[in-house]
Amino acid sequence: MCGVIGILGRSLVNQPIYEGLTVVQHRGQDAAGIITSDGKRVYLRKDIGLVRDVFRTRHMRQLQGNMGIGHCRYPTAGTSSPAEAQPFYVNSPFGVALGHNGNLTNAAELREQLFRDDLRHLNTTSDSEILLNILAHELREVLGQGRTRLTVDDIFRAVTKVYQRCRGGYAVVAMIVGHGILAFRDRFGIRPLIYGQRDTENGVETMISSESVALDVLDFTLVNDIQPGEAVFVDSKGTVHTRQCAENPTHAPCIFEFVYLARPDSIIDGIAVHKTRLRMGEKLAHKLMREWPNHDIDVIIPIPDTSRTSALQMAYEMGLKYREGFIKNRYIGRTFIMPGQAERRRSVRQKLNAIGLEFGGKNVLLVDDSIVRGTTSRQIIQMAREAGAKKVYFASAAPPVRYANVYGIDMPDADELVAHGRSEAEVAREIGADKLFFQDLKDLIDSAREGNPSISKFDTSCFDASYITGDVSEDYLIDLRRVRSDEAKSKASLLDLGEVNSYSYS
């Protein structure tokens, strides 16, 4: 889960890319980067940290040019260090930069191919660098000997080759120096990618983003979601070219985008995230009333921020009071996307504080968007009891998360998931709830699909282990656990401590 931005404008794009990254900052808080070009030179700044911390006035002044891409990262593959920050850049052919949201499921195979067959060296463990080098190699291949200028057909042929080689979930934005901005999305459309345009006094500008809300904030009008297997190329004159480049595309977006990842004011694949979460709350309320008609719940309290919409609709459907019982410290990042369990655990009590008046002597139903590792849920339930709640019930607007996600969400090791191998009653005991209710998977799918009935399926692998790409074996999951579990990341972080102060990109 990362955020990507790409803009081809009529004037400097450094500021709008920066502003776009702040809007999609919720998708990644580990590192940020921007690369721009004036058609001749490239200007790059990237480092670990939040967007506001990575870019200072002196950096912004250096980011010259009317085209560029930006990226905010959270680490699912690779380590948390400046060397892994994106965008990545290679100088041949022409100069190509790339930012990527997602994960390749055949990264190990591709890494070997790049070294053995394509004669390319990789400097990081990031699969985004793999994607960049494959794209650069295929651009060189379609160009052939003696030619010095890419055509639009050349670019789309190169992307077709990328699809033939790269498997997994990915949304890519790239810049080809002197040519334009390129974006493409995996053939299942697992990770979101959207583009829009705005009129200026100097002409039309085009923007590509992970979420529509970034377009809204910068006054771009939404044109369309980039379709599964589709590539969009904006040439240096501002003309937009689109082409379907993948064989047998199937639309199956990640349903966890609607549960947690996306901002509620975004629209993804024609589905309003806010409306989806309202429907999730409605369906969960009906399930609770069916299974527990004589409940003794006094008040419904959301765990801010993502669950507010569902909790509010639950209270409305059940005729119960809705109250804000937790105050959130806005200066603490999203705990789900923090690298490492210890960091998440420390951050929960720094992030939330209970309002005792809303809990004292009451039976409360806490509502969250999902339960992943259980760390946050367990501590929040304890906070509610310490604030005076008589009983603490818990509702998850999503089904039990029991399986690894391999397409760009930080759920690599099923053993780290509290619901893996446990019944719902056992999960309730594990997190300390008096009662626990999970959303049914069918209701979750219906909640999202109602927004766009043309989407026949979603990637729901973290709930049912049904991996939409069809290439995820048990051996792959074991290998993934070895390199991407919290334990593996902790070890990698210790190895990178000496690197943090020695790398800086300007």
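Computed from a predicted structure; not experimentally measured.
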| Test salt bridge (charged side-chain N to carboxylate O under 4.0 Å, His left out) applied to K287 and D443, step by step | CA-CA 10 Å; K287 175 181 179 178; D443 285 344; over 6 Å; no

| field | Residue pairs fulfilling side chain to side chain donor-acceptor pair (under 3.5 Å) with at least one residue in residues 187-196, sequence neighbours excluded | value | R191-E257

Go through the structure and list residues passing salt bridge (Lys or Arg N to Asp or Glu O under 4.0 Å) with [X], not counting sequence neighbours.
| X | answer |
| --- | --- |
| D305 | R308, K328, R330 |
| R52 | none |
| R149 | none |
| E109 | R167 |

| request: Say whether E19 and Q15, considering side chains only, have a donor N or O and an acceptor N or O under 3.5 Å apart. | output: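 Distance-only check passes for E19 and Q15.
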
| task | Please determine, by modelled atom types, if T151 and D153 share a side-chain donor-acceptor pair under 3.5 angstrom. | result |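 There is no such pair (donor and acceptor under 3.5 Å, judged by atom type) between the side chains of T151 and D153.
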
Basic-acidic side-chain contact under 4.0 Å: [X], [Y]:
| X | Y | value |
| --- | --- | --- |
| R198 | E205 | yes |
| D118 | R140 | no |
| R27 | E211 | yes |
| R449 | D446 | no |
| D127 | R111 | no |

Kindly say whether [Y] contributes a backbone atom to a donor-acceptor pair with the side chain of [X] at under 3.5 angstrom?
| X | Y | answer |
| --- | --- | --- |
| N452 | S454 | yes |
| S266 | A262 | no |
| R73 | D30 | no |
| T36 | Q64 | yes |
| D479 | D475 | no |
| S473 | Y476 | yes |
| T206 | Q197 | no |
| Q313 | L278 | no |
| Q29 | Y74 | no |
| R277 | F258 | yes |

Considering all heavy atoms of both residues, which atom of [X] and which atom of [Y] are nearest to each other, and what is their separation?
| X | Y | result |
| --- | --- | --- |
| D413 | R481 | OD1-NE, 2.9 Å |
| A32 | V54 | O-CG1, 3.7 Å |
| T250 | K457 | CG2-CD, 4.2 Å |
| V427 | V418 | CG2-O, 3.9 Å |
| N101 | C2 | OD1-N, 2.8 Å |
| I35 | P87 | CG2-CG, 3.8 Å |

| Relative to the ring of Y403, is the ring of H420 parallel (under 30°), tilted (30 to 60°) or perpendicular (over 60°)? |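 The arrangement is perpendicular - the two ring planes meet at more than 60°.
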
| field | side chain to side chain contact (heavy atoms under 4.5 Å, CB included) between L132 and V90, intermediate numbers included | value | CA-CA 8 Å; L132 169 62; V90 292; 3.9 Å; yes

| said: Given E138, which partner from the list R120, K161, R157, R165 fulfils the salt bridge (Lys or Arg N to Asp or Glu O under 4.0 Å) test? | reply: R165

| V177: which of V42, D38, N91 passes side-chain contact (heavy atoms from CB on, under 4.5 Å) | V42

| message | Under the criterion salt bridge (charged side-chain N to carboxylate O under 4.0 Å, His left out), I'd like the reasoning laid out for D265 against R263: C-alpha separation, chi angles, the key distance, then a yes or no. | response | CA-CA 5 Å; D265 45 346; R263 271 182 46 155; 2.7 Å; yes

Does some side-chain heavy atom of [Y] sit less than 4.5 Å from a side-chain heavy atom of [X]?
| X | Y | value |
| --- | --- | --- |
| Y43 | N14 | no |
| T239 | V234 | no |
| I468 | I190 | yes |
| L477 | Y467 | yes |
| Y407 | N405 | yes |
| F94 | L143 | yes |
| F115 | L122 | no |
| T460 | L441 | yes |

| said: Just checking R41: does its CZ atom have more than 12 heavy atoms from other residues, nucleotides or ligands closer to it than 6.0 angstrom? | reply: no

| request: Just jot down the side chain to side chain donor-acceptor pair (under 3.5 Å) partners of H251, sequence neighbours excluded, or say none. | output: D269

| query | How many angstroms lie between atom CZ of F55 and atom CG of D47, to the nearest 0.5 angstrom? | reply |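 Answer rounded to 0.5 Å: 9.0 Å.
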
| task | For E450 and K275, run salt bridge (charged side-chain N to carboxylate O under 4.0 Å, His left out): C-alpha distance rounded to whole Å, both residues' side-chain angles, the deciding distance at 0.1 Å, then the answer. | result | CA-CA 9 Å; E450 189 174 328; K275 292 288 285 184; over 6 Å; no

| Yes or no on side-chain hydrogen bond (donor to acceptor under 3.5 Å, both in side chains) for T125 and E84, after CA distance, side-chain angles and deciding distance? | CA-CA 8 Å; T125 58; E84 304 280 341; 3.2 Å; yes

| query | Yes or no on side-chain hydrogen bond (donor to acceptor under 3.5 Å, both in side chains) for S128 and Q86, after CA distance, side-chain angles and deciding distance? | reply | CA-CA 8 Å; S128 302; Q86 298 182 40; 2.8 Å; yes

| Would I208 and V4 count as a side chain to side chain contact (heavy atoms under 4.5 Å, CB included) if you check the C-alpha gap in whole Å, the side-chain angles of each, and the deciding distance to 0.1 Å? | CA-CA 8 Å; I208 297 155; V4 296; 5.7 Å; no

| Stepwise side-chain hydrogen bond (donor to acceptor under 3.5 Å, both in side chains) test for H179 and D235 | CA-CA 6 Å; H179 290 76; D235 65 31; over 6 Å; no

| From CA spacing to verdict: side chain to side chain contact (heavy atoms under 4.5 Å, CB included), T276, T309 | CA-CA 9 Å; T276 300; T309 308; over 6 Å; no

| message | Would T200 and N202 count as a side-chain hydrogen bond (donor to acceptor under 3.5 Å, both in side chains) here? Give the steps. | response | CA-CA 5 Å; T200 71; N202 297 318; 5.0 Å; no

